[in-house]
Amino acid sequence: MSSNIIHDADGSPSRIVLKEHTGSTAEVLFQGGQVVSWKNERREELLFRSNKTLWKPPKAIRGGIPISFPQFGTFGSLERHGFARNRVWSLDSSPSPLPAANSQSTVDLILKSTEEDLKIWPHRFELRLRISLSAGKLTLIPRVRNIDNKPFSFTFSLRNYLSVSDISEVRVEGLETLDYFDNLQQGERYTEQADAITFDSETDRVYLSTPTKTAIIDHEKKRTYVLLKEGMADAVVWNPWDKKAKSLPDLGDEDYKKMLCVDSAAVETPIILKPSEEWKGRQELSTVSSSYCSGQLDPRRVIYGP
């Protein structure tokens with residue numbers, strides 16, 4: 001288990017590389033506190049990152065796991081997805097009360113409100129993020145503390161850009177029968193009728209009151225991503241498809257075929273914190289080998305257990 005801080009030419013820290021004993025790695029930028037790579041023990045990249053990424057700080061990279069805080073999307077008056085992803089984070093020297101992560105490769109980061117932030121969002125906060133890498137698993141624990149003298153509310157998401165073989169061969173299970181906001185229909189509320197979510201056109205939905213476990217099944221790669229989450233009641237499912245992909249300058253025209261975003265999010269009901277209160281979320285991403293067609297893995301067993 002190890003972590004290594006990489007510095008820019010000017011000597012300032014730019015990113016952290018986490019490694020664990022089986023050979024898997026994760027890479028985290030100080031810019032935005034953003035995980036931009038997660039590779040398994042076979043050195044296969046599990047997170048999507050666009051080849052056309054325009055990394056021009058302070059803007060976030062298209063891919064990996066960017067953070068939305070204190071606003072998800074356009075659910076508020078701030079810039080889209082808030083400002084946390086556009087700020088430079090620091091190492092957190094005092095991550096208590098979380099226990100020390102002795103058996104994992106871990107980094108603790110922190111973002112504190114600045115005077116510039118207070119001009120656009122007048123609330124003093126501390127946003128902490130623990131990123132832990134273990135065999136076959138990537139865990140993120142975000143925490144928000146109100147250090148102001150008045151309450152505030154916020155929405156939040158961890159946007160997971162998952163690398164897939166072919167979006168038309170992917171299905172998402174665990175969100176069936178749930179209500180969702182369809183952002184392609186002016187945020188109208190619908191109920192999911194399909195027995196699983198599949199993709200043949202642009203999709204941008206916020207699923208509400210979701211279970212703690214979701215399975216993203218990639219038939220062609222015979223791989224299933226298992227997403228476990230706590231403290232974030234909603235899930236966002238997004239793929240831009242062809243027309244939207246061509247309109248995004250930092251996404252290749254064909255990139256939509258190789259990616260799917262499934263977010264852990266708190267959107268419908270904003271989180272409210274009184275002074276000195278802290279909110280904590282948790283997300284755990286793992287992969288299991290699967291062959292849906294051969295019946296080696298029943299996706300429902302992944303979601304609901306044996």
(request) Over 60° means perpendicular and under 30° means parallel, so classify the ring planes of Tyr225 and Trp38, tilted if in between. (result) tilted
(message) Over 60° means perpendicular and under 30° means parallel, so tell me whether Tyr207 and Tyr180 are parallel, tilted or perpendicular.
(response)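 Correct class here is tilted.
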Rounded to the nearest 0.5 Å, how far does [atom2] of [Y] lie from [atom1] of [X]?
| X | Y | atom1 | atom2 | answer |
| --- | --- | --- | --- | --- |
| Leu133 | Thr139 | CG | OG1 | 8.5 Å |
| Thr198 | Ile217 | OG1 | CD1 | 11.5 Å |
| Ser276 | Ile147 | OG | CD1 | 9.5 Å |
| Thr22 | Asn40 | OG1 | CG | 8.0 Å |
| Glu230 | Leu228 | CD | CG | 8.0 Å |
| Asn160 | Leu46 | CG | CG | 11.5 Å |

(request) Among Asn4, Leu109, Val35, find the one that has a side-chain contact (heavy atoms from CB on, under 4.5 Å) with Ile16. (result)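 It is Leu109; the other options fail the test.
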Please check: side-chain N/O of [X] versus main-chain N/O of [Y], any donor-acceptor pairing under 3.5 Å?
| X | Y | value |
| --- | --- | --- |
| His123 | Phe152 | no |
| Glu202 | Ala245 | no |
| Glu176 | Gly174 | yes |
| Asp182 | Glu188 | no |
| Ser96 | Leu98 | no |
| Thr210 | Ala233 | yes |
| Asp263 | Val237 | no |
| Thr25 | Leu18 | no |
| Asn146 | Leu273 | yes |
| Ser247 | Lys244 | yes |

Should [X] and [Y] be regarded as members of a common hydrophobic cluster, given that ILVMFWY residues are connected when their side-chain heavy atoms come within less than 4.5 Å of each other, either directly or indirectly?
| X | Y | result |
| --- | --- | --- |
| Ile120 | Leu127 | yes |
| Leu140 | Ile271 | yes |
| Trp241 | Phe48 | no |
| Ile131 | Val144 | yes |
| Leu78 | Leu158 | yes |

Under a 4.0 Å N-O cut-off, is there an ion pair linking [X] with [Y]?
| X | Y | value |
| --- | --- | --- |
| Glu277 | Lys274 | no |
| Asp218 | Arg223 | no |
| Arg189 | Asp179 | yes |
| Asp92 | Arg128 | yes |
| Glu126 | Arg143 | no |
| Glu20 | Lys137 | no |
| Arg62 | Asp255 | no |

If you compare all heavy atoms of [X] against all heavy atoms of [Y], which two are closest, and at what distance to 0.1 Å?
| X | Y | answer |
| --- | --- | --- |
| Met259 | Pro240 | CE-CD, 3.8 Å |
| Gly32 | Ile67 | O-CD1, 4.0 Å |
| Leu178 | Ser209 | CD2-O, 4.1 Å |
| Pro142 | Arg282 | CD-N, 4.1 Å |
| Pro211 | Leu175 | CD-CD2, 4.4 Å |
| Ser132 | Thr106 | OG-OG1, 2.9 Å |

Taking the side chain as every heavy atom from C-beta outward, state whether [X] and [Y] have any atom pair closer than 4.5 Å.
| X | Y | value |
| --- | --- | --- |
| Asn239 | Val170 | no |
| Phe83 | Pro70 | yes |
| Ile216 | Leu162 | yes |
| Leu29 | Ile61 | yes |
| Val226 | Leu285 | no |
| Ser289 | Lys222 | no |
| Arg159 | Val236 | yes |

(message) A quick test of your reading: do over 12 heavy atoms of other residues, nucleotides or ligands sit less than 6.0 Å from NZ of Lys221?
(response)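 Counting other residues, nucleotides and ligands, NZ of Lys221 exceeds 12 neighbours.
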Distance flag, aromatic centroids of [Y] and [X], threshold under 6.0 Å:
| X | Y | result |
| --- | --- | --- |
| Phe154 | Trp279 | yes |
| Phe30 | Trp89 | no |
| Phe125 | Phe69 | yes |

(request) Decide whether Gln283 and Ser264 meet the rule of one side-chain donor and one side-chain acceptor closer than 3.5 Å. (result) yes
(request) Assess whether side-chain contact (heavy atoms from CB on, under 4.5 Å) is satisfied between Arg85 and Ser68, documenting all intermediate values. (result) CA-CA 7 Å; Arg85 62 174 59 191; Ser68 295; 3.1 Å; yes
(request) Let me see the working for Gln31 and Asn86 under side-chain hydrogen bond (donor to acceptor under 3.5 Å, both in side chains), right down to the final yes or no. (result) CA-CA 7 Å; Gln31 175 68 44; Asn86 300 329; 5.4 Å; no
(message) With side chain to side chain donor-acceptor pair (under 3.5 Å) as the test, pick out the partner of Ser37 among Arg15, Arg49, Glu45.
(response) Glu45
(request) Give the intermediate values and the outcome of side-chain contact (heavy atoms from CB on, under 4.5 Å) for residues Arg171 and Glu173. (result) CA-CA 7 Å; Arg171 57 192 279 138; Glu173 300 209 358; 2.8 Å; yes
(request) Evaluate side-chain contact (heavy atoms from CB on, under 4.5 Å) for Val36 paired with Ile65, printing each intermediate quantity in order. (result) CA-CA 6 Å; Val36 291; Ile65 309 178; over 6 Å; no
(request) Kindly indicate, with the supporting measurements, whether the criterion side-chain contact (heavy atoms from CB on, under 4.5 Å) is fulfilled by Leu91 and Asp108. (result) CA-CA 6 Å; Leu91 288 173; Asp108 288 287; over 6 Å; no
